[in-house]
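Okay, structure first, notes after.
Numbering of residues begins at 1 and proceeds along the displayed sequence.
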Amino acid sequence: MYLINSAIMLVPTVFALFVHNYICHGKLSFLRKLSFFLIYGVMVSGLMYAIAWMRNIKGTGIFHMTVSHRIEFTLLGCVMSFCLAFAVCLAFEKNVTVQKLKMYLLRFVKDIRKYFHYAVRSARADLRSEVANAYLDWLWWLIEPFCMMLIYTLIFGVVFKASEQFFPVFIFSGLAMWTFFSRGMNVSVNIVRNNKGIISKIYLPKFILYFARMLVNGFKMMVSFVIVILMMILFKVPVSVNVIYFIPIMLVFFLFTFGLGSILMHFGVYVNDLSYIVGIVLSMLMYFTGTFYSVGNRIPAPFGELLEQFNPVAYCIASMRNAVLYCKAPQLDLLVMWAMVSIVLAALGVYTVYRNENAYVKVI
């Protein structure tokens with residue numbers, strides 16, 4: 001029991017130190033690691049006790065919670081530690097300053113403006129090339145996801161007797177978002193190597209290559225959502241004002257995918273086997289995101305709810321379904337939390353690419 005109680009504070013602290021060391025490119029000395037470990041221990045403990053106090057868990061009550069609440073507090077501590085490490089680096093690290101952050105931000109905005117039209121043209125070219133020799137042309141962008149929806153509806157709706165309301169729309173909407181995310185992760189790992197001919201001849205911000213592929217996958221996802229709208233009309237799905245939450249949910253989802261993909265893109269240059277690892281992880285993760293069922297309802301309480309809240313992909317898919325299909329507003333505190341994490345993750349991804357992109361050509 002003592003070990004479990006210690007893990008509530010220790011795991012988020014170690015995670016914060018790991019993120020801190022990553023931002024500093026592993027250049028922290030042992031003494032600095034020890035110092036920051038103590039700093040994060042105090043800060044994380046303070047934040048955890050503050051949250052416990054807000055939930056009327058006072059004094060030593062935090063160490064007498066149920067196992068599910070301990071897991072929830074540990075996961076919440078890790079999420080807070082991720083953002084906390086970024087703030088601490090800005091405050092204490094000489095090589096990570098507000099001026100440099102502003103410089104990278106302005107450079108990022110400038111590069112997006114400068115190369116946005118290139119990304120759009122590249123996305124259009126990729127879309128055209130995919131169906132250049134196909135008899136049904138762009139109709140495959142409708143046929144492929146629609147057929148997958150029929151297959152999964154038959155398997156999970158008939159064979160496994162899924163009970164979710166408006167199940168065909170339920171599964172098709174989740175499948176559209178999961179396909180966007182999984183394709184983005186798979187593409188990101190090898191995108192620098194696959195574009196060796198371009199980056200070895202001209203300068204191009206490497207994240208633009210990934211951004212262009214996200215536009216391709218995003219266009220296909222929007223095509224799928226056109227089918228979702230038609231299916232909603234067919235199945236007479238009620239619509240409320242909460243449908244407007246679709247926009248911020250998708251923005252957070254897009255930003256999280258961009259941030260995580262940018263980091264994987266960097267490591268994919270140096271680790272050839274990363275694509276195999278990502279493929280295995282995605283295969284496992286697909287069944288924990290609620291693509292084919294409701295994670296919160298199907299997995300025994302309270303673990304299903306925790307998995308839905310602290311898996312950002314599962315949270316975005318579930319929140320989108322609640323807003324579009326079931327007229328429910330998302331948990332705004334969780335939406336804000338994952339928005340902050342996604343912003344920090346995207347900032348880390350862009351920062352990592354900018355710091356290392358000149359070395360990519362030498363490696364590949």
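- A heavy-atom distance below 4.5 Å is not found between the side chains of L75 and Q309.
- Ring planes of F258 and F108: tilted class, angle from 30 to 60°.
- Between the side chain of N21 and the main chain of L17, no donor-acceptor pair closer than 3.5 Å is present.
- Annotation: side chain of V79 is not in contact with side chain of F15 (no heavy-atom distance under 4.5 Å).
- A cation-pi arrangement, defined by a distance under 6.0 Å to the six-membered ring centre and an angle within 45 degrees of its axis, is present between R107 and Y354.
- Y245 is not listed as a side-chain neighbour of M320, based on a closest heavy-atom distance of 4.5 Å or more.
- What you find for T291 and I171 is that their closest heavy atoms are O-CG1, 3.8 Å.
- Applying the salt bridge (charged side-chain N to carboxylate O under 4.0 Å, His left out) test to every pair with at least one member in residues 190-214, sequence neighbours left out, gives these pairs: D126-R213, E130-R213, K206-E357.
- Of the possible donor and acceptor atoms, one in the side chain of S182 sits under 3.5 Å from a partner among the backbone N and O of W178.
- Taking all atoms of both residues into account, the shortest heavy-atom contact from F82 to V341 is CE2-O, 3.6 Å.
- C78 places a side-chain heavy atom less than 4.5 Å from the side chain of V11.
- Taken from CG in N242 to NZ in K328, the straight-line distance is 11.0 Å, to the nearest 0.5 Å.
- The side-chain heavy atoms of I263 and L345, taken from C-beta on, include a pair separated by under 4.5 Å.
- No side-chain heavy atom of V19 sits less than 4.5 Å from a side-chain heavy atom of L84.
- With values rounded to the nearest 0.5 angstrom, F18 atom CZ is found 12.5 Å from Y40 atom OH.
- For the pair N311 (side chain) and L307 (backbone), a donor-acceptor distance under 3.5 Å is absent.
- Under the 30°/60° scheme for interplanar angles, the aromatic rings of F253 and F180 are found to be tilted.
- At most 12 non-hydrogen atoms from other residues, nucleotides or ligands lie less than 6.0 angstrom from CE of M340.
- Considering all non-hydrogen atoms of both residues, V353 and F207 come closest at CG1-N, 4.2 Å.
- When side chains are defined from C-beta on, F170 counts as touching S294, because their heavy atoms get closer than 4.5 Å.
- S81 places a side-chain N or O within donor-acceptor distance of the main-chain N or O of P12, the cut-off being under 3.5 Å.
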Would E93 and R32 count as a salt bridge (Lys or Arg N to Asp or Glu O under 4.0 Å) if you check the C-alpha gap in whole Å, the side-chain angles of each, and the deciding distance to 0.1 Å?
CA-CA 11 Å; E93 295 294 344; R32 286 185 67 83; 3.0 Å; yes
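- In this structure, Y203 places its OH atom where more than 12 heavy-atom neighbours from other residues, nucleotides or ligands lie under 6.0 Å away.
- The distance from atom CZ of F181 to atom CE of M214, rounded to the nearest 0.5 Å, is 10.0 Å.
- Note that the CG atom of L260 and the CG atom of L348 stand 11.5 Å from one another [nearest 0.5 Å].
- Taking each heavy atom of V237 and L325 in turn, the nearest pair found is CG1-O, 3.6 Å.
- Note that CG of L335 is 4.5 Å distant from OH of Y315, once rounded to the nearest 0.5 Å.
- M185 and Y276 fall into different hydrophobic clusters, where Ile, Leu, Val, Met, Phe, Trp and Tyr residues are linked whenever their side-chain heavy atoms come under 4.5 Å apart, directly or through other members.
- In terms of heavy atoms, T352 sits closest to N356 at O-ND2, 2.7 Å.
- The CE atom of M221 sits 11.5 Å away from the OG atom of S173 when rounded to the nearest 0.5 Å.
- In this structure, the side chains of V295 and Y293 come closer than 4.5 Å at one or more pairs of heavy atoms.
- Taking the six-membered ring for Trp and thresholds of 30 and 60 degrees, Y326 and F166 have nearly parallel ring planes, at less than 30 degrees apart.
- Across all their heavy atoms, I208 and A119 have their closest contact at CG2-CB, 4.3 Å.
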